[in-house]
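Before any comments, here is the structure.
We count residues from 1, following the sequence as given. All ligand and atom numbering here is 1-based and tracks the order in the structure. In what follows, every heavy atom counts, from backbone to side chain, and hydrogens, waters and symmetry copies are set aside.
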Amino acid sequence: MKTGMVNVDNLSTKEQGYTQAVDLLKSGEVVAFPTETVYGLGAVATDEAAVRKIFGAKGRPQDNPLIVHIGEVAELEAFTTNISSLAYVCIDAFWPGPLTLVLPLKEFSLAKNVTAGLDTVGVRIPEHPVALELLKRLKQPVAAPSANKSGKPSPTKAIHVWDDLNGKIPFIVDGGTTGIGLESTVLDFTTDIPTILRPGGVTKEMLEKVIGQVNESKFTDDVKAPRAPGMKYAHYAPNAPVYLIESSIEVVKNAVADIHKEHKKVALIASEQFGQTAADYFFSLGKENQLEDAAALLFDALRNCDGTDADIVLAPVFTKQDVGSAIMNRLEKAADGNYYE
Ligand code: TXA
Ligand code: MG
């Protein structure tokens with residue numbers, strides 16, 4: 001399959017880009033498009049055959065449900081029921097935005113492969129002009145996981161989608177670099193106390209200010225039936241193994257020296273202050289303590305490791321406060337929990 005890519009930030013190709021994307025979606029095809037978090041790979045959420053193509057292109061396990069994207073709150077009614085008033089408080093406060101709500105699914109309203117057979121559905125209104133324009137023109141809910149090959153870091157640039165899915169999907173809407181850089185927070189509203197299943201741009205601290213107590217699932221992979229099924233799979237991994245390491249310049253310098261003694265090369269993914277540690281490759285996550293910047297740069301940095309001949313990737317840990325919780329969740333997955341000692 002030939003993969004087309006059109007930039008919709010460019011006035012001369014904008015109209016063509018949207019028209020082509022909408023026509024393809026309506027005809028049962030998949031299309032990649034930017035959101036404020038990461039690029040998504042979308043299909044019309046009521047079209048089972050189209051949704052099947054998403055799983056095929058990504059190599060995604062069938063038991064991992066997809067997030068449904070809508071352009072307006074009014075569209076919720078068609079496929080959810082019994083939405084609590086607390087959920088509506090969240091909707092008012094955070095939509096459009098990087099918050100996915102898991103809500104009770106209205107039976108037979110969506111293709112069943114969207115929800116992997118669950119009786120709940122994850123849904124959000126994205127806060128990206130391109131995603132919103134697409135949804136507004138299409139006027140149908142769009143099921144869209146991140147537009148990466150399954151297991152790879154999510155795409156924050158159109159070129160990342162191209163690298164992973166060229167030849168496997170018909171079209172990429174290029175809308176530049178995504179802003180937040182980590183996937184949305186997934187908040188389960190089908191438990192007594194709302195539970196964060198995946199940390200993201202909307203933090204526990206932000207949620208608790210608006211709706212009071214929020215639980216955090218442990219985000220571990222060893223549970224038999226994780227509430228967010230996607231959390232049990234290997235994720236975000238470059239080809240070389242990733243190790244977390246204490247956030248100390250001294251400790252990192254020593255680790256790099258040790259690795260060099262074994263005639264191995266090391267890539268370092270860290271804030272700027274780690275730039276002088278003699279690693280063979282350094283991918284900056286921005287200024288120290290700027291968590292939003294680190295979030296925005298993380299997936300690109302992980303992907304850049306694959307363009308090197310590094311044998312090992314080191315990543316100093318971040319605080320788990322605020323967006324640090326989402327950053328560490330992704331890093332721990334990329335490292336499969338491994339620490340460099
Ligand atoms: O920011 C995002 O959320 C991006 C953009 C494209 O919107 N999408 C995204 O989708 O990250 P994906 O498929 O890569 O991650 C969806 C996560 C998975 O961990 C999945 O298991 C969980 O959400 N999820 C989806 N529906 C669910 C449901 N009904 N119950 C529990 N977890 C659900
Ligand atoms: Mg994903």
- request: Using modelled atom types only, decide if a donor and an acceptor are shared between the side chain of R303 and the backbone of T156 within a distance under 3.5 Å.
  value: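 No: the side chain of R303 does not pair with the backbone of T156.
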Judging by distance only, is a nitrogen or oxygen of [X] under 3.5 angstrom from one on ligand 1?
| X | result |
| --- | --- |
| T35 | no |
| R60 | yes |
| T37 | yes |
| T100 | no |

query: Is R124 paired with E183 through a side-chain N to carboxylate O contact shorter than 4.0 Å?
result: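 So E183 does not pair with R124 through a salt bridge.
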- request: May I ask you to decide whether K320 forms a salt bridge with E332, counting only side-chain N to carboxylate O separations under 4.0 Å?
  value: yes
field: Distance-minimising heavy-atom pair for G71 and E75
entry: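 Result for this residue pair: N-OE2, 3.1 Å.
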- request: Treating Ile, Leu, Val, Met, Phe, Trp and Tyr as nodes and any side-chain heavy-atom pair under 4.5 angstrom as an edge, say whether F282 and Y340 lie in one connected cluster.
  value: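 In one cluster with F282: Y340, yes.
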field: Distance filter under 4.0 Å to S146 heavy atoms, resulting ligand 1 atoms
entry: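 Reading through ligand 1 atom by atom, the close ones are 8 (N), 9 (C), 10 (O), 12 (P), 14 (O).
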- prompt: For ligand 1, which atoms sit closer than 4.0 Å to a heavy atom of G40?
  reply: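 Here the atoms of ligand 1 in question are 6 (C).
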task: Tell me, please: is L118 in heavy-atom contact with ligand 1, that is, under 4.0 Å?
output: yes
- prompt: Is the gap between the ring centers of Y339 and Y243 under 6.0 Å?
  reply: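 Ring centroids of Y339 and Y243 are no less than 6.0 Å from each other.
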task: Taking both backbone and side-chain atoms into account, decide whether N148 has an N/O/S atom under 2.8 Å from the Mg ion (ligand 2).
output: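 Here the distance criterion (N, O or S atom, under 2.8 Å) is not met by N148, so no.
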